[in-house]
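The figures here come from the full heavy-atom set of this structure, side chains too, leaving out hydrogens, waters and symmetry mates.
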Amino acid sequence: MLHYKVVELSNVTEETIEEALNEKVAEGWNFDGMQFAMRESSKRPSMAFLLFTRENDDI
């Protein structure tokens, strides 16, 4: 069965994205994609959502 994990980052920097990616991949999750939430008043994203999947046959 395929399981999904979404990680929400409210502090969007290169370091926080890298840390979250490395942490979840080390836990066995596969990186699936990234989405950004933007503010109209800024070109910088206000939030990021990292998407991961993992095949789990235990359930």
Determine the minimum heavy-atom distance between [X] and [Y], stating which atoms define it.
X	Y	answer
Leu9	Leu50	CD1-CD1, 4.0 Å
Val12	Ala48	CG2-N, 3.5 Å
Met38	Arg44	CE-C, 4.0 Å

What pairs with Thr53 under side chain to side chain donor-acceptor pair (under 3.5 Å), at least two apart in sequence or on another chain?
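Counting only residues at least two positions away or on another chain, Thr53 forms no side chain to side chain donor-acceptor pair (under 3.5 Å).
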Pair listing, side-chain hydrogen bond (donor to acceptor under 3.5 Å, both in side chains) test, anchored in residues 23-38, at least two apart
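Every side-chain hydrogen bond (donor to acceptor under 3.5 Å, both in side chains) pair that includes a residue of residues 23-38, provided the two are not neighbours, is Lys24-Glu27.
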Same hydrophobic cluster for Phe49 and Ile17, using side-chain heavy-atom links shorter than 4.5 Å among ILVMFWY?
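Different clusters: Phe49 never reaches Ile17 through Ile, Leu, Val, Met, Phe, Trp or Tyr contacts under 4.5 Å.
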Are Leu51 and Phe36 connected into the same hydrophobic cluster when the rule is that any two of I, L, V, M, F, W, Y join if their side-chain heavy atoms are below 4.5 Å apart?
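No, Phe36 does not connect to Leu51 through the hydrophobic network.
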Would you check, one step at a time, whether the test side chain to side chain contact (heavy atoms under 4.5 Å, CB included) holds for Val6 with Phe52?
CA-CA 6 Å; Val6 178; Phe52 298 89; over 6 Å; no
Once rounded to the nearest 0.5 Å, what's the spacing between atom CZ of Arg54 and atom CG of Leu2?
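Going from CZ on Arg54 over to CG on Leu2, the span is 10.5 Å.
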Between the main-chain N or O of Arg39 and the side-chain N or O of Ser42, is there a donor-acceptor pair closer than 3.5 Å?
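Answer holds: no.
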Between Ser46 and Ala37 (side chain of the first, backbone of the second, donor and acceptor by atom type, cut-off under 3.5 Å), is there such a pair?
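Checking the backbone N and O of Ala37 against the side chain of Ser46, a donor-acceptor pair under 3.5 Å is found.
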Min side-chain heavy-atom separation Met1-Asn56 under 4.5 Å:
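Side chain of Met1 against side chain of Asn56, heavy atoms only: no contact under 4.5 Å found.
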Is there a side chain to side chain contact (heavy atoms under 4.5 Å, CB included) between Glu8 and Met47 once you walk through the steps?
CA-CA 7 Å; Glu8 176 185 314; Met47 296 181 83; 2.8 Å; yes
